[in-house]
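Single-structure report; data block below.
Chain naming here is simple, since letters A, B, ... match the order of the sequence lines and numbering starts at 1 in each. Heavy-atom basis, side chains included; hydrogens, waters and symmetry copies ignored.
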Number of protein chains: 2
Amino acid sequence: MKSEGMSDASGVMTEEVPQAIGKRRQIRPRAERRQQLIDATIRCIAQHGLSKVTMQMVTSEAGLSVGIANLHFQSKDNLLKETLRFVAEEYHGGQIEIMEGSDIPDLGERLDALLDFQLGRGVTQRQKMSVWFAYYGEAGARPVYQKIVSTVDRLAAQKLETLFAEIIQQGGYTDVEARELATGYSALIDGLHLGLLVTPRELTKRRARAVARDFLRRAFPKHVGGVALRSTVFSQR
Amino acid sequence: MKSEGMSDASGVMTEEVPQAIGKRRQIRPRAERRQQLIDATIRCIAQHGLSKVTMQMVTSEAGLSVGIANLHFQSKDNLLKETLRFVAEEYHGGQIEIMEGSDIPDLGERLDALLDFQLGRGVTQRQKMSVWFAYYGEAGARPVYQKIVSTVDRLAAQKLETLFAEIIQQGGYTDVEARELATGYSALIDGLHLGLLVTPRELTKRRARAVARDFLRRAFPKHVGGVALRSTVFSQR
DNA sequence: ACCCAGAATGAATGAATATTCATTCTTTCG
DNA sequence: CGAAAGAATGAATATTCATTCATTCTGGGT
């Protein structure tokens with residue numbers, strides 16, 4: 001980076017000001033740098049799309065030099081793979097924690113918490129969603145991605161089925177089947193995420209929640225309360 | 001395809017046999033070539049993933065020379081855009097045709113036909129799904145894609161809502177709201193497609209259908225029949 | 001038969017990009 | 001303090017790929 005060679009006499013701006021004067025090379029442990037790069041990758045994918053992401057883009061987003069991604073991840077492919085793994089584990093881990101949640105004894109409330117987690121959050125959540133679906137798009141062609149996703153997915157699905165089964169037993173519901181419902185609910189949530197991502201104009205987060213809640217209410221009327229979104233309305237017109 | 005080129009005579013493979021001996025340059029109208037290239041693009045995306053698709057790949061899949069894609073589509077970006085438009089219009093067009101379907105007077109049967117269209121078909125369907133989601137993955141970063149999808153999407157959503165409203169009226173269902181249900185159903189189908197694409201081991205097409213039917217049955221019990229995996233359902237007398 | 005508009009080709013070009021690695025810098029530990 | 005370990009840098013390299021365009025070929029019109 002040019003280092004100390006002070007800018008030539010001309011007071012005009014030259015092409016590459018060395019990014020602030022205080023910028024010093026920092027040495028940090030491997031794990032930290034890896035996370036930093038993964039975070040940068042997530043932002044890049046969300047902003048530019050998976051197919052447009054370059055190493056330059058990622059490393060400069062992370063505020064580091066080009067070579068560093070290969071230093072810590074060997075290759076771009078591997079960086080992308082690890083990024084997917086991170087997002088997948090974070091999302092599914094969060095769900096599982098809630099579903100196991102001995103801290104929320106009431107099953108109905110636990111459902112609510114799950115829904116909040118799945119459809120809540122702000123910008124960050126939107127970034128994660130982008131990443132999520134970017135990989136889905138490639139998954140048909142890349143078994144590695146399928147494997148990563150389906151591994152964590154299977155566990156979450158199992159937990160959800162168990163939760164539903166408990167609710168069914170507790171409520172004495174008939175004519176519902178835990179496994180089928182769990183598949184349906186998961187698919188519904190995925191589909192709503194898609195809608196939020198692609199047609200944010202048509203589908204607000206608020207409405208997405210209402211729709212998901214509706215699904216649950218129809219299956220478990222005794223556990224899932226009424227409209228609950230404030231005093232929402234009969235103002236459907 | 002491949003035209004008549006019979007399998008080679010020479011047992012040895014040389015590097016670049018000019019693609020069969022009988023291959024003659026063929027001149028075809030613009031529209032036909034465009035479709036041929038779009039079809040090839042779909043296959044390439046399904047097989048290699050959107051981010052790995054190259055012009056070489058597409059044109060050779062179509063059995064044509066490299067330059068031709070730029071001749072008919074100006075640029076790779078545009079080819080991809082037109083491919084998305086084609087898939088989107090085909091999918092949504094098919095749905096709309098069924099939903100308007102004056103050829104199926106019974107509303108319950110019309111629902112069945114819709115479900116068949118959405119979750120039926122074979123390999124082709126899987127290819128289309130790949131394309132579909134590949135673009136969804138980029139949509140967060142590319143307004144053009146959002147626009148294409150949401151344009152056709154909005155129309156289909158409206159038709160679905162209308163159909164649901166008719167069914168609600170006919171069945172005298174209370175406690176269901178057409179708009180909300182339509183959003184939910186669309187999301188559910190999208191989510192099931194995702195599942196079929198990414199975790200085909202866990203979710204078979206058969207089960208996906210059952211889950212979707214379950215959703216409809218819970219909303220419209222008089223119109224959607226029991227487990228019957230075949231489509232013929234008698235409902236509402 | 002012969003012309004020629006325009007369809008098709010594919011070698012060549014240049015831009016973009018992943019990866020390497022010699023060098024520079026920071027920190028730690030004796 | 002001095003030196004070793006290894007983290008970080010970024011110029012250089014090799015590759016891949018979209019796009020161009022001079023040239024070749026086809027088929028319908030006359």
Worksheet item: For the side chain of Arg24(B) and the base of dT26(D), is some donor closer than 3.5 Å to an acceptor across the two?
Response: no
Practice prompt. Among dA8(C), dA8(D), dT19(D), find the nucleotide with the atom closest to the side chain of Ser75(B).
Written response: dT19(D)
Worksheet item: Can you check the Gln74(B) CD to dC21(D) C1' distance for me, whole Å?
Response: 16 Å
Fill in: Atom pair distance, as rounded to whole Å: CG in Asn70(A) and P in dA12(D)
18 Å
Item to complete: May I have the distance from Ile68(A) (atom CD1) to dA11(D) (atom C1'), rounded to whole angstrom?
Response: 17 Å
Practice prompt. Would you please confirm or rule out a distance under 4.0 Å between OP1 or OP2 of dA8(C) and any side-chain N or O of Arg33(B)?
Written response: yes
Discussion item. When you measure from the side chain of Thr54(A) to the backbone of Met57(A), do you find a donor-acceptor pair of N or O atoms at a distance under 3.5 Å?
Written reply: yes
Worksheet item: Side chain of Val66(B): nearest nucleotide among dA18(C), dT9(C), dA11(C)?
Response: dA11(C)
Worksheet entry | Most 5' of Gln56(A) and His72(A) on DNA chain D, judged by nearest nucleotide | His72(A)
Worksheet item: For Glu97(B), does the CD atom have more than 12 heavy-atom neighbours from other residues, nucleotides or ligands under 6.0 Å away?
Response: no
Practice prompt. Compute the centroid of each ring, for Tyr135(B) and then for Tyr145(B), and state whether the two points are separated by less than 6.0 Å.
Written response: yes
Discussion item. Among dA7(D), dA18(D), dA8(C), which nucleotide has an atom closest to any side-chain atom of Met55(B)?
Written reply: dA18(D)
Discussion item. For the OG1 atom of Thr204(B) and the CZ atom of Arg209(B), what is their distance to the nearest 0.5 Å?
Written reply: 10.0 Å
Worksheet entry | Shortest side-chain distance from Arg25(A), nucleotide among dG10(D), dT19(D), dT26(C) | dT26(C)
Worksheet item: For Arg30(A), which contact category applies under a 4.0 Å heavy-atom criterion: base, sugar-phosphate, or nothing?
Response: nothing
Item to complete: Describe the nucleic acid contact of Val53(B) in one word from base, sugar-phosphate, nothing, applying a heavy-atom distance below 4.0 Å.
Response: sugar-phosphate
Worksheet item: Taking for each residue the nucleotide of DNA chain C with the nearest heavy atom, is it Gly67(B) or Ile27(B) whose nucleotide lies nearer the 5' end?
Response: Ile27(B)
